[in-house]
Undergrad: 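Supplied in structure tokens, the structure appears directly below.
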Protein chains: 2
Amino acid sequence: MMEQTDAVAALSALAHAGRLEVFRLLVKAGHAGMAAGKIAEATGTLPNTLSAGLNILTHAGLIHSRREGRSVIYSADFKAMSGLLTFLMEDCCSGEPAICGPVADLARAGTCAAEGCA
Amino acid sequence: MMEQTDAVAALSALAHAGRLEVFRLLVKAGHAGMAAGKIAEATGTLPNTLSAGLNILTHAGLIHSRREGRSVIYSADFKAMSGLLTFLMEDCCSGEPAICGPVADLARAGTCAAEGCA
DNA sequence: CAATTATTTCTATATTTCTCGAATTATCGA
DNA sequence: TCGATAATTCGAGAAATATAGAAATAATTG
């Protein structure tokens, strides 16, 4: 169960054009992930600025990294992403399911049960 | 279709413990909404500080207000909420649906089609 | 119209966050 | 070990954000 503090950290991390772009890039990249250098290249960010952003996303639990030779590969944490969405939708339309049925369905579906979902 | 600029505004608005609490309170309140004073009471915020927060959430498109007598009633914008979730999940696991099936379902469901959904 | 209640705006200060240049650490190949 | 490549850390200045006191606006009641 995600707490408000964690949610604020995750939302803060994503509330920045550059970091949001990076995160969505990693979401698309899936488990394969992307080397920091490739991300910098794709987004046109200076390496040190990007590194600061990756650090913030990592501490927010939204991404994680592994070293491969000289490169550090970053990838999205789908479980954390799912947890954040679930938190945001919690108690949505409580008592009035007619208001936002599809969103409520989303909340129920918002657990990442698939095998490979890290 | 939500753009990155809008998403960053919405995420920034939510990336604050007090505002996130207010938003979730309004999500629970549904269409009935809540008067500013009641929100201040429920969250223990000074009226002026709360007003600044409500203003930020409003400009981000996440909530809207209507006047009723002396009170101003605030309520969540479920359509905007849904749009933000959809944006965050866009292209999730593209090419590898096995990674995060439930989340992908969420993305497809993330449009608020219900009648009363403002 | 005066008093009361509800909320917002104005203004200033304190704090946090962002970005970049420079220096540092880590890994690999010759 | 030396040089090259990949990424991170440090430090400082600039910019954005948060909070609160005081004043102002809006709507209702006597």
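Numbers restart at 1 for each chain; the letters A, B, ... are given by sequence-line order, proteins then strands.
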Undergrad: Do side-chain atoms of B/T43 reach the backbone of B/I39 as a donor and acceptor pair under 3.5 angstrom?
TA: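 Yes.
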Undergrad: Quick one: A/K38 NZ to D/dT5 C1', roughly how many Å, whole number?
TA: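 About 13 Å, once rounded to whole Å.
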Undergrad: Rounded to whole Å, please give me the gap between CZ in A/R66 and C1' in D/dT8.
TA: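 Value for this atom pair: 19 Å.
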Undergrad: Name the closest nucleotide to the A/R67 side chain, picking from C/dT27, D/dT19, C/dT8.
TA: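 Of all the options, the side chain of A/R67 is nearest to C/dT27.
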Undergrad: Of all the choices, D/dA7, C/dC18, D/dA20, which nucleotide is nearest to the side chain of A/I56 once you look at every atom?
TA: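 Closest nucleotide among those given: C/dC18.
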Undergrad: For B/G69, does its backbone N or O pair with a side-chain atom of B/R67 as donor and acceptor, under 3.5 Å?
TA: yes
Undergrad: Given atom CG of A/N55 and atom P of D/dG11, what is their separation to the nearest angstrom?
TA: 15 Å
Undergrad: Taking the side chain of A/S71 as its heavy atoms from C-beta onward, which of D/dA6, C/dT9, D/dT8 lies nearest to it?
TA: D/dA6
Undergrad: Nearest whole angstrom, please: distance from the C1' of C/dG21 to the CG of A/L50.
TA: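 Going from A/L50 (CG) to C/dG21 (C1'), I get 16 Å.
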Undergrad: State which of D/dG21, C/dT5, D/dT8 makes the closest approach to the side chain of B/R70.
TA: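 Nearest to the side chain of B/R70 among the choices is C/dT5.
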Undergrad: B/N48 has a side chain; which of C/dC18, D/dA20, D/dT8 sits nearest to it?
TA: D/dA20
Undergrad: Can a donor-acceptor pair be found, under 3.5 Å and without considering hydrogens, that links the side chain of B/S82 to the backbone of B/F78?
TA: no
Undergrad: From C/dT19, D/dT9, C/dC28, pick the nucleotide closest to the side chain of A/H16?
TA: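 That would be C/dT19.
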Undergrad: Quick one: which of D/dT19, C/dT7, D/dT8 gets closest to the side chain of B/A35?
TA: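 When the side chain of B/A35 is considered, C/dT7 is the closest of D/dT19, C/dT7, D/dT8.
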Undergrad: Could you state the atom-to-atom distance from CD of A/E41 to C1' of D/dT5 in whole Å?
TA: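 A/E41 atom CD is separated from D/dT5 atom C1' by 14 Å.
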Undergrad: Where the side chain of A/T49 is defined as all heavy atoms beyond and including C-beta, which of C/dT19, D/dA18, D/dT8 is the nearest nucleotide?
TA: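 The listed nucleotide nearest to A/T49's side chain is C/dT19.
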Undergrad: When the distance from CG of A/L20 to C1' of C/dT17 is rounded to whole Å, what number comes out?
TA: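 The distance from CG of A/L20 to C1' of C/dT17 comes to 17 Å, rounded to the nearest Å.
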Undergrad: How close or far is atom C1' of D/dA7 from atom CD1 of A/I39, stated in whole angstroms?
TA: 11 Å
Undergrad: Given atom NE2 of A/H59 and atom C1' of D/dT9, what is their separation to the nearest angstrom?
TA: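 Checked: the NE2 to C1' distance equals 13 Å.
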Undergrad: Charged N to carboxylate O below 4.0 Å: is that the case for B/E21 and B/R19?
TA: no
Undergrad: Would you say a side-chain N or O of A/Y74 is under 4.0 Å from OP1 or OP2 of D/dT8?
TA: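 Yes.
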Undergrad: Find out whether the Lys NZ or Arg CZ of A/R24 is both under 6.0 angstrom from the six-membered ring centre of B/F87 and within 45° of the ring's axis.
TA: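 Yes, cation above the ring, under 6.0 Å and within 45°.
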Undergrad: Nearest nucleotide by nearest heavy atom, which residue falls closer to the 5' end of DNA chain C, A/S12 or A/E68?
TA: A/S12
